[in-house]
Amino acid sequence: MTENVVHLHKTPEPPAQDAPVTTLTVVPNPAPAAPVPLWVRSGRAITTGVTHERTKTVVRATARHSLYTLNGGRIVARRAWDGRTGSRYERMIRAAEAAGNLEAAEEWEERLQRFRAARHHRRMDLLHSPVDAAKGVAVGTGMSIGVLVALGVVMALNTKEIGDVITPLQATIEFIGALIRIVQVVWGTLIIVGPLLALLALWSVGSKQQAAPQWALPDNVRNGEGEPITPSIVVKALRDLGIAPLKTAIKEMGDAGASMLGPIRIAGCGVEVDVTLPSGVATNEVQNRRRKLAENLTRHEHEVFITIPEAARTVRLWIADSGALDEPIGPSPLVTDETMTANYKTGKAPWGQDLRGDAAAISLYQRHLLVTGLSNQGKTAALRALALWLALDRSVQFWIADLKGIGDWAMFEGIAQVLIEGPSDDHVIQATEMVEDAVEEMNRRIEERRRDPSIVFRPLIVLVDEAQLAFMCPVVGDDRRPYGGSKATSRYFMAVRKIHNQGRAVDVLMWQGTQDPTDQNLPKLVREGAHTRASLVLGTESQARMALGDKAVDGGAAPHLLRQGLDKGTLVVASDGITIPAGQASITVRTHFIDEEPAAEVADRAKALRDGVTTLRVVDQGEERDALADVAQVIGDAPRLRTNEVLKRLHALDAKVYGDQWTNDRLKSLLEEHGEEPKKSHGVMVIHRDHVLRALANRDENGSASAAQ
C-alpha cells in the first residue's frame with residue numbers, strides 16, 4: 001500500500017548562491033517518565049511521617065512520661081530502702097572519705113551505729129509483739145462487748161424491756177455488716193483506681209526530678225531555657241569538666257558528689273553555691289574551665305562567675321538565670337531622686353547593682369581612682385556618674401581634663417574650677433600643667449597642715465579622662481623634659497606619682513580614665529597607685545592583670561571574659577570602698593547609665609547648691625592677657641576671695657603669664673593703679689568683687705589699659 005506524505009512546511013525557494021542556508025530540525029517530545037514504584041512512594045511517606053516534628057514530639061512525650069513513672073518508682077524504692085537500711089549513712093561516709101573530711105566521716109559512722117542499734121531493738125521487740133498483739137485484741141474485744149452489754153442493761157432498766165439488753169451489741173454488729181457491704185461494692189473500683197493513683201504518684205515524683213533522658217525532655221529544658229539549677233546538674237557539670245581526679249572522686253562518693261555542694265541560694269538574678277573540691281583538685285583548675293562549666297550548666301560563659309572564698313579548696317559558683325544579664329537594671333537614683341545629696345566623707349555613690357541584684361555603692365573618701373577598659377564600653381559614663389554624685393557635695397572642687405573633647409564633661413562648666421576639653425597635644429600640655437598645679441596645691445596644703453594639724457581642706461578631685469593620651473604624648477618642653485612617657489623625667493607621669501604618694505593625706509585625689517591598657521599608656525607605678533581600680537571589658541588576661549592586679553585576677557576577676565559591645569557598663573571592681581563578699585578580691589557591678597540630658601539635669605542641681613563657680617578654660621598660650629579683666633573673671637560671682645585663691649586661679653588660667661612673678665604685692669599694685677586695693681577680712685587679705693569692678697570702670701573712664709607682660 002502506498003503511503004501519502006503530507007509536508008507541513010512549504011519548501012522554500014532555492015537560496016541564492018551567496019545566501020546562508022538554514023536547517024530546521026524537528027525535536028520529538030520527550031518520553032514520559034517511568035512511574036515511581038509503590039514501594040518507593042510508601043517508603044518516602046513512612047520516612048516523612050517518622051521524621052516529622054510532630055511525630056518526634058509525640059515520641060518524646062510518650063517516652064518522657066513513661067520514664068517519669070518508671071524512674072519515679074525507682075526513686076521511691078530507693079528512698080524506702082534508704083529509710084529501712086543504713087545505705088544513706090554508708091554513702092555519706094564514703095563521700096566524706098573521698099573529700100578527705102575524716103571528722104565528718106567519723107560523725108556519720110556514729111550515726112550509722114545508733115541507727116543499727118535502734119533497728120536491732122525494734123526487731124527484738126517484734127519477737128514478742130504477736131503474743132502481745134493477740135492479748136491486746138482479746139482484751140479489747142472482751143472490754144468492748146462488756147461495755148455494749150452494760151449499755152444494753154441500762155437501756156433495759158429504762159424501758160422495762162429485757163430485749164434491749166442486746167440492742168447496742170446488735171447495732172454494732174449491723175454497723176460492721178454495713179461497712180463490709182460498702183467495701184464489697186467499692187472493692188472493684190478500688191482495685192482499678194488504686195494502682196492508677198499509685199502510678200500517678202510515681203509519675204509526679206519522676207516529673208519533679210526530671211527523671212528522663214535529655215532527648216526526651218521538653219524543648220525549653222533540653223535547650224537550657226529556664227532550666228533550674230539543681231544539685232545533680234551542678235555535680236554532673238563538674239564531673240564532665242575533664243578533670244580526672246575530680247571525676248574519679250565523684251564516682252567514689254556514695255552520694256554521687258552531693259556532699260561537695262553547699263546549699264543552693266537564690267542570689268539576685270541567679271543562684272549561688274559553694275563547692276568543696278576533693279583532695280587533689282585545685283581551684284584554678286575549675287576556674288580555667290569556665291566556658292566548659294557554663295556549657296555543662298546550659299548557660300553562656302558570661303552567665304557563670306567563679307570566685308574563691310575564704311574556705312580552703314572551695315570555689316563559689318554564681319549562675320545567672322538564662323538571659324537575665326541582658327536585661328537593663330534601671331535608671332540611677334541620681335536621676336529618679338531629685339532630693340539626693342552627697343557626702344564626700346561618709347556617703348557612698350550609687351554606682352549600679354551587683355550580680356546578686358543588690359545596690360552597689362562605693363565610697364570615694366580619700367581614694368585615688370582608675371577606670372579602664374576597651375573603647376566605647378562605657379568608661380566615661382561610669383566615671384562621670386561618680387563625679388555627678390560627688391558634685392552634689394558643695395565642698396568638693398573639680399579640676400577636669402577631658403582629652404576626648406566631644407562634650408562628655410561639658411555639663412561640669414559651672415561646677416569645675418578648671419575644664420580642659422580637646423585631644424590635641426596642646427590640650428595634653430594644659431592637662432599636664434593642671435596636674436602639676438595640683439601638686440603645688442598639695443604641697444601648699446601639706447605645709448599648712450604642718451603648721452596647723454587641725455586644719456581641714458576642701459576635697460580636690462583632679463580628673464583626667466583618656467589619660468592614655470597624656471602618657472603617650474610625644475611633645476618635649478623647653479626644659480627638654482617630655483610631657484609623656486613613664487620615666488623620671490616625664491612631667492605627667494611624675495606629677496601623677498606625686499599626687500598618688502601624698503595627695504590622699506590632704507584630700508587631693510587623682511581620678512583617671514584610660515582605655516586599652518598597656519605598659520606604655522598606663523605605667524605600672526601609676527596603675528598600682530590607685531586605691532579603687534575598675535575595669536570594663538578587656539581583650540586579654542594580661543590586660544586584666546594590668547587593670548586590677550594579680551590578686552584580683554587570681555581570685556576570679558575576669559574583665560577579659562566580658563562580652564565586648566554586649567556588656568557595656570559592666571565593671572569588675574577591686575576596692576576597699578565597695579562591699580565585696582567575704583573571701584573575694586573583686587566584685588562585678590552593672591553600672592547605671594546616665595545619658596547626656598539627665599546628666600545635665602543632675603549637674604544643674606549641683607550648681608544650685610553652690611554659690612557660683614567660674615570655670616576656667618585654658619586659652620591660647622600666645623594670647624595677650626588683660627590682667628584686671630582676668631581677675632574679675634576668676635572671682636566670678638563670689639563676693640570676695642582670698643588673694644592666694646585669686647593667684648591660684650590666675651595661675652590655672654594661664655600658667656605662663658601668671659607664673660611665679662605674680663605675687664600678692666603685684667596683685668595689690670594692679671588694683672591700686674586703678675584706685676582700689678585689697679582689704680583684710682578676719683585677718684586674711686581678700687579681694688572684693690565690687691572693688692575689681694570699680695577698678696575696671698575707673699580704667700575705662702581714664703581710657704587706660706593695663707596688660708600683663
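When atom types are taken as modelled, the side chain of Thr372 and the backbone of Thr514 share a donor-acceptor pair closer than 3.5 angstrom. In this structure, Lys607 contributes its side chain and Glu413 its backbone to a donor-acceptor pair below 3.5 Å. At distances below 3.5 Å, at least one donor-acceptor pair connects side-chain atoms of Asn443 with backbone N or O atoms of Val439. Although no hydrogens or angles enter the test, the distance criterion places a donor-acceptor pair under 3.5 Å between the side chain of Arg533 and the main chain of Ala547. Under the 3.5 Å distance criterion, the side-chain polar atoms of Trp399 are left unmatched by any main-chain donor or acceptor of Gln417. Side-chain N or O atoms of Thr591 include none that pairs as donor or acceptor with a backbone N or O of Ala382 at under 3.5 Å. Within the 3.5 Å criterion, the main-chain N or O of Met510 finds a donor-acceptor partner in the side chain of His368. Between the Arg504 side chain and the Gln366 main chain, a donor and an acceptor come within less than 3.5 Å of each other. The closest donor-acceptor contact from the side chain of Arg449 to the backbone of Val506 lies at 3.5 Å or more, if one exists at all. A donor-acceptor contact shorter than 3.5 Å links the side chain of Ser490 to the backbone of Gly485.
In this structure, Asp393 and Thr341 have side chains that are not in contact, with every pair of non-hydrogen atoms separated by 4.5 Å or more. Here the side chains of Trp511 and Val371 are not in contact, with every heavy-atom distance at 4.5 Å or above. The side-chain heavy atoms of Thr489 and Pro482, taken from C-beta on, include a pair separated by under 4.5 Å. Side-chain atoms of Thr532 and Leu370, non-hydrogen and from C-beta on, never get closer than 4.5 Å to each other. Side-chain contact between Phe305 and Thr588: present, with at least one pair of heavy atoms (C-beta onward) separated by less than 4.5 Å. Glu596 has its side chain within reach of Met411: a pair of non-hydrogen atoms, C-beta onward, lies under 4.5 Å apart. Contact of the Val464 side chain with the Val435 side chain is registered, since non-hydrogen atoms from C-beta on lie closer than 4.5 Å. When side chains are defined from C-beta on, Thr570 does not count as touching Pro559, because their heavy atoms never get closer than 4.5 Å.
With sequence neighbours excluded, the residues satisfying side-chain contact (heavy atoms from CB on, under 4.5 Å) with Met546 are Asp519, Arg527. Scored by the side-chain contact (heavy atoms from CB on, under 4.5 Å) test, Ala558 finds Arg290, His560, Leu561 as partners (sequence neighbours excluded). Contacts of Thr307 classified as side-chain contact (heavy atoms from CB on, under 4.5 Å), with partners at least two apart in sequence or in another chain: Arg316, Gln584. Partners of Thr540 by side-chain contact (heavy atoms from CB on, under 4.5 Å), not counting sequence neighbours, listed by chain and number: Ser542, Gln543.
At most 12 heavy atoms of other shown residues, nucleotides or ligands fall within 6.0 angstrom of atom NE2 in His300. Atom CZ of Arg642 has 12 or fewer neighbouring heavy atoms from other residues, nucleotides or ligands inside a 6.0 Å radius.
Here the closest heavy-atom approach between residue Trp389 and residue Pro350 is recorded as CD1-CD, 3.4 Å. Of all heavy-atom pairs between His427 and Leu403, the closest is O-CD2, 3.9 Å. Closest non-hydrogen pair, Leu562 versus Val537, comes out as O-CG2, 3.3 Å. Pairing each heavy atom of Leu609 with each of Leu392, the nearest pair is CD1-O, 3.3 Å. Among all heavy-atom pairs drawn from Pro523 and Asn521, the shortest one is CD-C, 4.0 Å. Considering every non-hydrogen atom in both Leu419 and Trp409, the closest pair reads CD2-O, 3.9 Å.
Each of Val631, Leu647, Val646 was checked for a side-chain contact (heavy atoms from CB on, under 4.5 Å) with Leu641, and the lone residue meeting it is Val646. When each of Gln397, Gln502, Met442 is tested with Val508 by the rule side-chain contact (heavy atoms from CB on, under 4.5 Å), just one qualifies, namely Met442. Partner Asp465 forms a side chain to side chain donor-acceptor pair (under 3.5 Å) with one of Gln512, Lys404, Lys379 and no other, that one being Lys379.
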Distance-only criterion, 3.5 Å: show the donor-acceptor pairs between side-chain atoms of residues 689-696 and protein atoms not counting sequence neighbours.
residue	atom	partner	partner atom	Å
Arg689	NE	Gly636	O	2.7
His691	NE2	Arg694	NH2	3.3
Arg694	NE	Glu676	OE2	3.0
Arg694	NH2	Glu676	OE1	3.4

Steps toward side-chain contact (heavy atoms from CB on, under 4.5 Å) verdict (Lys568, Leu536): CA-CA 8 Å; Lys568 281 188 175 182; Leu536 296 127; over 6 Å; no

Full working for side-chain contact (heavy atoms from CB on, under 4.5 Å) between His688 and Val686: CA-CA 6 Å; His688 291 263; Val686 297; 3.8 Å; yes

Worked verdict on Leu374 versus Gln515 for side-chain contact (heavy atoms from CB on, under 4.5 Å): CA-CA 5 Å; Leu374 296 181; Gln515 61 177 253; over 6 Å; no

CA sep, side-chain torsions, deciding dist, call: Tyr344, Asp507, side-chain hydrogen bond (donor to acceptor under 3.5 Å, both in side chains): CA-CA 10 Å; Tyr344 162 74; Asp507 288 310; 2.7 Å; yes

From CA spacing to verdict: side-chain contact (heavy atoms from CB on, under 4.5 Å), Leu460, Leu509: CA-CA 6 Å; Leu460 172 60; Leu509 303 177; over 6 Å; no

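Using a 4.0 Å cut-off between charged side-chain N and carboxylate O, Arg444 and Glu447 make no salt bridge. In summary, Glu440 and Arg445 do not engage in a salt bridge, as defined by a charged side-chain N under 4.0 Å from a carboxylate O. For the pair Glu541 and Arg545, the salt-bridge criterion is met [side-chain N within less than 4.0 Å of a carboxylate O].
Once rounded to the nearest 0.5 Å, the distance linking CG of Asn501 with CE of Met494 reads 8.5 Å. The line from CG of Leu364 to CD1 of Ile461 is 7.5 Å long, rounded to the nearest 0.5 Å. Interatomic distance, CD of Gln468 versus SG of Cys473, reported as 12.0 Å (0.5 Å rounding). Of the inter-residue distances, the one linking Ile455 atom CD1 with Asp452 atom CG reads 5.5 Å to the nearest 0.5 angstrom. With rounding to the nearest 0.5 Å, the separation of CZ in Arg590 from CG in Leu571 is 12.0 Å. Between the CG atom in Asp354 and the OG1 atom in Thr579 there is a gap of 9.0 Å [rounded to 0.5 Å].
Among pairs with a residue in residues 481-498, those fulfilling salt bridge (Lys or Arg N to Asp or Glu O under 4.0 Å) read Glu436-Arg491, at least two apart in sequence or across chains.
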